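Report on one structure; see the data block that follows.
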Protein chains: 2
Amino acid sequence: MQKLLQTLNNYTKLSESSTELITGCFVHKKIPKGTILISEGQTARYFYWLVKGTMRGRIAPKGELITTWFATKNMFCSSMPSFISRKPSRESIEALEDCEVYCISRHDVLMLFKQTTEMSSIVRKMAEEAYIHSLNRTYQFQSLSAKERYDSFVMHYPELMQKIPLGMIATYIGITQQSLSRIRKQL
Amino acid sequence: MQKLLQTLNNYTKLSESSTELITGCFVHKKIPKGTILISEGQTARYFYWLVKGTMRGRIAPKGELITTWFATKNMFCSSMPSFISRKPSRESIEALEDCEVYCISRHDVLMLFKQTTEMSSIVRKMAEEAYIHSLNRTYQFQSLSAKERYDSFVMHYPELMQKIPLGMIATYIGITQQSLSRIRKQL
DNA sequence: GGATTCTTTTACCAAATGGTAAAAAATGGA
DNA sequence: TCCATTTTTTACCATTTGGTAAAAGAATCC
């Protein structure tokens, strides 16, 4: 919980009373490996903060599962567009390891919008971050080779290399598992 | 101006007084072909609504210009992350034809945030749209072939095919001009 | 019109990637 | 430990894409 508050404070400095209110809205949960927290078509009702473990967003347009993002320790995750706009989610969220999270419901987020001055600022900044991350990712596909995208991935998620099946990483950077295996061999 | 108001009303129904206030903040301008409205490194101070013409976002990471987006008639454009977060823009904005725009300054947008209830909702929805567009784009790079990305482009921007140099479209979908010429020949 | 410039096509070959399949390696459970 | 399952590597070949270059075509300016 300490780490979570620290992250929130990095977005916007929280007053003592807001800290108390916000803290009260996050619920601690254990999520077993393999759990689908949000399924495609469902509307995301919770926002998650990862204390421990790894999750991914995934989508299956042509039958095969494609990874849309990874979230690791000390990161927030959810189906952002669905959570924000209350639309059915295009992607699912899957726990890739046993996870521990703090989660908050949309209902409580809306409540905090009214009762604190900081919450809307925090959510706005998180949305901006997510948007910029998406722009960067698009830009990488436009201008980087598969090998360069892989290098960039290793740079950003070094710890995932040990934990996550190669195939999930391959679809994340837009290539097949075999190609990634080849790329990795070259070094 | 009628069309602009119509678009704004599609985001959020405007009251009569807000309509008047907002209308007063948009300035009509003619932009000659080739104009750089925002340069890389500069902070975006205006938001543009295209009455006529075409613009693009571009970036030159390795010397060569890459198109990051196109905007056509009846669309908004700016360097969104820069305009919203007041950070130096990573991309430039270029008029690809003689354009007519209505533009609004950040100063006026902030003023409208305070004086109307609708403006913040409009901007929030526009940001959501931009975010979802970026996610879709990333997703296309992950899962579609160059040919499929080209088909998708033609579907979304049919009128651009006649007006815009092929090379600009090629970098937008992440391939070289030669490859796109080849793809187009196959039909 | 004619020259200049920009744009598009084409050709050639090298490099990268995909698809199918099978073997090898690693993992997890009984 | 051994078996079953999952994951990774490897091989082979077809397809796609990139890079360089040159030719053809279109637009622009004087």
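Keep in mind it's a predicted model, so treat the numbers as computed, not measured.
- A cation-pi arrangement is present between Arg90(B) and Tyr139(A), with the terminal nitrogen or guanidinium carbon under 6.0 Å from the aromatic centre and inside a 45° cone about the axis.
- The side chain of Ser181(B) contributes no N or O atom lying less than 4.0 Å from OP1 or OP2 of dT8(C).
- Among the nucleotides dG18(D), dT10(D), dT8(C), the one closest to any side-chain atom of Lys185(A) is dT10(D).
- Listed pair Arg182(A) / dG18(C) fails the phosphate criterion, with no side-chain N or O lying under 4.0 Å from OP1 or OP2.
- Taking the ring axis of Phe83(A) as reference, the NZ or CZ atom of Arg106(A) stays within 45° of it and closer than 6.0 Å to the ring centre.
- The CD-C1' distance, from Gln186(A) to dT9(D), rounds to 14 Å in whole Å.
- Remark: C1' of dA27(D) and NZ of Lys163(B) are 17 Å apart, rounded to the nearest angstrom.
- Figure legend: cation-pi geometry between Lys29(B) and Tyr46(B), with NZ or CZ positioned under 6.0 Å from the six-membered ring centre and within 45° of its axis.
- On a pure distance criterion of 3.5 Å, a polar donor-acceptor pair joins the side chain of Gln178(B) and the base of dT20(D).
- For Pro165(B), counting side-chain heavy atoms from C-beta on, the closest listed nucleotide (dT17(D), dT17(C), dT8(C)) is dT8(C).
- For Arg184(A), counting side-chain heavy atoms from C-beta on, the closest listed nucleotide (dT9(C), dT9(D), dT17(D)) is dT9(D).
- Look at Thr176(A) and you won't find any side-chain N or O under 4.0 angstrom from OP1 or OP2 of dT17(C).
- At least one cation-pi condition fails for Arg137(B) and Phe141(A): the charged atom is not both under 6.0 angstrom from the six-membered ring centre and inside a 45 degree cone around its axis.
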